[in-house]
S.K.: 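One structure is given below, represented as structure tokens, and several questions about it will come after.
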Amino acid sequence: MRFSKLFAPTLKEAPSDAEIKSHEYLVRGAFIRKVTAGVFNYLPLGKRVLDKIWRIVKEEMDNIGAQEILMPIIQPAELWKMTGRWDDYGPTMMKLYDRHGREFTLGPTHEEVVTFLMKNELSSYKQLPVTVYQIANKYRDELRPRYGLLRGREFVMKDAYSFHSSWESLDEVYQDMRKAYKKIMERTSLRYLVIEAASGAIGGNQSHEFVSLAPIGESNVLYCEKCGYQASDERTPYKGEYEKVGMDEEEKELERVATPNVKTVEQVADFLGVDKKRIVKSLLYVGRKGMVMALIRGELEINEEKLKEVLKDQSLRMATPEEVLEKFGVPIGFIGPVGADDVYIVADHSVKYIKNAVVGGMKEDTHYINANLDRDFKVDEWADIRMLKEGDPCPVCGAPLKATKGIELGHVFKLGTKYSEAMKAYYMDEKGELKPFIMGCYGWGVSRTMAAIVEQYHDDKGIIWPLSVAPFTYIVTVVNMNKKEQVEAGEKIYKALLEAGEEVVIDDRQVTPGIKFNDADLIGFPIRITVGKALKEGKVEVKMRNSSERVKVDFEDEGKLVKVLKEMKESYKPKPKV
RNA sequence: CAGGGGGUAGUUCAGGUGGCAGAACGCCGGAAUCGGGAUCCGGAGGUCGCGGGUUCAAAUCCCGCCCCCCUGACCA
């Protein structure tokens with residue numbers, strides 16, 4: 001490719017909306033351009049990188065026997081209503097209507113469509129298992145798209161689905177997928193963790209996330225250096241001791257005290273001069289079955305994912321102040337379990353071990369002190385709904401956990417029969433009985449991977465692409481286009497590399513050397529061949545993007561030059577930033 | 001969705017007490033130059049987000065709408 005012909009309008013300045021390096025460099029380096037919030041054009045360079053990632057993902061899927069298909073982006077509402085996700089997933093879906101007013105969605109994922117497909121096409125256990133996948137655009141109306149390709153509203157995803165007649169068969173494919181995902185991580189040179197994860201709105205009962213390490217990542221990971229435990233903070237159970245707060249005291253008399261305008265745990269602790277641990281925090285949620293109260297010890301935080309799982313209700317959300325006021329006639333901040341008899345109460349185990357607790361007074365500007373379990377309030381369900389943080393004990397070995405952040409690239413789920421039952425997708429087993437398919441689903445963020453790689457591979461000048469995903473391997477930089485000998489030498493090297501089957505760009509633009517060097521660094525070509533003043537000695541300079549070292553190589557000897565270049569290519573192994 | 005900020009040249013941004021539409025970079029033409037976005041001369045480029053209102057006069061004030069960005073995710 002000739003740079004003079006390449007559609008690659010690089011930018012000197014960072015776009016005003018770029019907050020992170022991958023966003024800035026992908027835009028400045030002419031890989032992508034924003035169309036509207038969370039929606040991008042891929043320019044030639046970006047398309048080349050995307051294709052390389054695409055191909056790696058495709059090859060790894062093909063390797064484990066998954067079969068590529070293509071499903072529609074437009075999906076009818078009826079399928080989503082069958083599984084209840086038209087409402088559950090609702091706000092995240094891009095919805096549209098045809099001329100008859102019939103409802104559709106732009107597919108945010110394809111469980112419904114693929115289950116519908118298999119329900120009609122597979123009828124016997126003899127046809128199972130089957131694994132299919134596609135690589136296609138997905139649409140999600142994110143609350144707040146941001147970070148360039150990391151959280152878009154339109155993005156490229158690989159989604160695979162497997163159908164089985166036994167859990168053992170599902171487990172085989174699940175393990176194959178995990179191996180394939182590890183290979184994708186390795187082939188894209190990403191540093192990553194595999195963590196146990198919450199399955200969220202997708203559902204199911206086992207899932208692992210493949211997380212690429214990055215400080216700006218939105219997934220919080222807890223891991224144990226001692227035993228190797230790795231999990232999402234949303235998923236990590238608390239298996240430590242429960243601290244006893246005042247358990248050796250006498251039960252004192254329940255008393256309502258005035259706490260004017262004192263609402264938060266912090267304020268209450270200050271105002272009453274008590275430890276936060278003595279306060280029981282009461283949070284109200286609204287789910288499918290109405291309002292639910294969740295209790296936890298004052299200084300701890302509630303893990304909404306755990307709570308959703310306990311209640312088996314993915315639609316759960318925090319109640320608004322208005323809803324709370326309407327229900328109890330009491331503003332938020334003064335809500336507590338004493339006298340909250342008509343609401344279902346879920347409490348974290350930590351609440352069990354507080355005597356003479358402080359709770360909301362259920363009357364504006366008051367709190368109760370000396371509230372005691374059973375005597376003053378009841379709990380309908382005990383559960384572990386605590387959010388763990390760094391330093392909390394590892395659930396496996398008890399050592400203090402470490403925290404880090406990452407970008408979720410892959411997610412594998414054992415779905416079980418959630419979708420097949422909801423959609424009556426049955427096959428006939430050996431005994432002639434109808435059984436719902438046992439299913440797995442496996443997602444990979446293809447376009448997001450591009451941003452994740454840049455997050456790990458860049459410096460203050462631009463991107464440092466690993467070879468496997470670089471848009472081109474080499475750039476031949478002709479320093480002075482007015483010098484015939486430089487142009488001729490550059491062309492000769494360019495052609496030699498093309499003939500050797502290499503991916504190469506020759507920078508034949510009539511611009512100053514500074515622009516050429518800076519663009520080469522910004523775009524991130526792994527190897528640069530500079531044709532300039534060293535030509536007087538019959539040499540060119542070769543430099544790898546991840547090093548400042550320049551090697552002088554005789555250019556007249558093409559065989560030797562190509563050999564040296566290929567050797568440098570072999571040894572090019574940029575170091576990730578994390 | 002809530003709160004905040006913003007929308008002016010291709011980009012990054014000034015102007016905003018109402019009175020001729022601005023800069024830098026980029027772009028086009030030219031000069032000289034050619035190893036890290038260098039220099040000089042000349043030039044093109046705008047429904048000031050959209051619609052309405054107030055006014056002799058609106059980028060500027062008022063109203064409505066659209067879009068973009070940031071923070072948050074109701075942790076009481």
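So you know, we letter chains A, B, ... as the sequences are listed, proteins then strands, and number each from 1.
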S.K.: Could you check how far CD of A/Glu301 sits from P of B/C75, rounded to whole Å?
M.R.: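 A/Glu301 atom CD is separated from B/C75 atom P by 10 Å.
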S.K.: Taking any heavy-atom pair under 4.0 Å as a contact, classify A/Lys483: base, sugar-phosphate, or nothing.
M.R.: nothing
S.K.: For A/Ala294, answer base if it contacts any base atom (sugar-phosphate contacts may also be present), sugar-phosphate if it contacts only those atoms, and nothing otherwise; contact means non-hydrogen atoms under 4.0 Å.
M.R.: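 Nothing, no heavy atom under 4.0 Å.
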S.K.: Using the C1' atoms only, state how far B/U60 lies from B/C20, rounded to an integer number of Å.
M.R.: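 Rounded to whole Å, the distance is 15 Å.
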S.K.: Specify the separation, in whole Å, of atom CE of A/Met481 and atom P of B/G35.
M.R.: 15 Å
S.K.: Using the side-chain heavy atoms of A/Lys12, tell me which of these nucleotides is nearest: B/C75, B/U71, B/A38.
M.R.: B/A38
S.K.: Closest approach to the side chain of A/Arg153, judged atom by atom: which nucleotide of B/C68, B/G36, B/G35 is it?
M.R.: B/C68
S.K.: Which is true for A/Ser16 with a 4.0 Å heavy-atom rule: it touches a base, it touches only sugar-phosphate, or it touches nothing?
M.R.: sugar-phosphate
S.K.: Without decimals, in angstroms, what is the distance between A/Asn480 CG and B/A38 C1'?
M.R.: 14 Å
S.K.: As a test of reading the structure: which of B/C68, B/C70, B/G36 is closest to the side chain of A/Glu19, going by heavy atoms?
M.R.: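 Nucleotide nearest to A/Glu19's side chain: B/C70.
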S.K.: Can you tell me how far P in B/A14 sits from the matching atom in B/C56, rounded to whole Å?
M.R.: 33 Å
S.K.: Looking for any heavy atom pair under 4.0 Å, which part of the strands does A/Ile296 touch: base, sugar-phosphate only, or nothing?
M.R.: nothing
S.K.: Counting only side-chain heavy atoms from C-beta out, which of B/G36, B/C70, B/A38 sits nearest to A/Arg528?
M.R.: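 From the listed options, B/G36 comes nearest.
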S.K.: With a non-hydrogen cut-off below 4.0 angstrom, is A/Asp17 in contact with a base, only sugar-phosphate, or nothing?
M.R.: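 Sugar-phosphate: the residue A/Asp17, judged by heavy atoms under 4.0 Å, touches backbone atoms but no base.
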S.K.: Base, sugar-phosphate alone, or nothing: which one does A/Ala534 contact when heavy atoms must sit under 4.0 Å apart?
M.R.: base
S.K.: Answer with base, sugar-phosphate or nothing: what part of the nucleic acid does A/Arg33 contact at a heavy-atom distance below 4.0 Å?
M.R.: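 No contact.
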S.K.: Does a side-chain N or O from A/Lys389 land closer than 4.0 Å to OP1 or OP2 of B/C75, or not?
M.R.: no
S.K.: Using whole Å, report how far CD of A/Glu142 lies from P of B/C1.
M.R.: 15 Å
S.K.: With a cut-off of less than 4.0 Å, is there a side-chain N or O of A/Lys461 near OP1 or OP2 of B/G36?
M.R.: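 The answer is no; no side-chain N or O of A/Lys461 sits under 4.0 Å from OP1 or OP2.
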S.K.: Rounded to whole angstrom, note down the P distance from B/A23 over to B/C66.
M.R.: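 That atom pair is separated by 35 Å.
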S.K.: Need the pair for B/C61. Rule: Watson-Crick or G-U wobble, both distances under 3.5 Å, any strand; none if unpaired.
M.R.: B/G53
S.K.: Check whether any side-chain N or O of A/Arg144 sits under 4.0 Å from OP1 or OP2 of B/U71, and answer yes or no.
M.R.: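 Yes, A/Arg144 has a side-chain N/O under 4.0 Å of OP1/OP2 on B/U71.
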S.K.: Expressed in angstrom and rounded to an integer, what is the separation of A/Ile515 atom CD1 from B/U33 atom C1'?
M.R.: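 Computing the A/Ile515:CD1 to B/U33:C1' distance gives 13 Å.
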S.K.: Using the P atom in both, what is the distance from B/G10 to B/C27, to the nearest Å?
M.R.: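 That atom pair is separated by 14 Å.
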S.K.: Have a look at A/Thr36 and say if it touches a base, only the backbone sugar-phosphate, or nothing, with a 4.0 Å heavy-atom cut-off.
M.R.: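 Since only primed, P, OP1 and OP2 atoms lie under 4.0 Å of A/Thr36, the category is sugar-phosphate.
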S.K.: Between B/U12, B/C67, B/G35, which one does the side chain of A/Glu13 approach most closely?
M.R.: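 Of the options given, the side chain of A/Glu13 lies nearest B/U12.
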S.K.: Does the plane of the ring in A/Tyr242 sit parallel, tilted or perpendicular to the ring in A/His349? Use 30° and 60° as the thresholds.
M.R.: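 Rings of A/Tyr242 and A/His349: perpendicular, over 60°.
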S.K.: Is A/Glu304 touching bases, backbone alone, or none of the nucleic acid, heavy atoms closer than 4.0 Å?
M.R.: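 Result for A/Glu304 = base.
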S.K.: For RNA chain B, whose closest nucleotide is more 5', that of A/Leu143 or that of A/Val265?
M.R.: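 By nearest-heavy-atom nucleotide position, the 5'-most residue is A/Leu143.
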S.K.: On the nucleotide B/U11, are OP1 or OP2 found under 4.0 Å from the side-chain N or O atoms that A/Arg28 carries?
M.R.: no
S.K.: Closest nucleotide of RNA chain B for A/Gly38 versus for A/Leu11: which of these residues is on the 5' side?
M.R.: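 It is A/Leu11 whose nearest nucleotide is closer to the 5' end.
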S.K.: Any salt bridge linking A/Lys276 with A/Glu266? Criterion: basic side-chain nitrogen under 4.0 Å from a carboxylate oxygen.
M.R.: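 Yes, charged N to carboxylate O under 4.0 Å.
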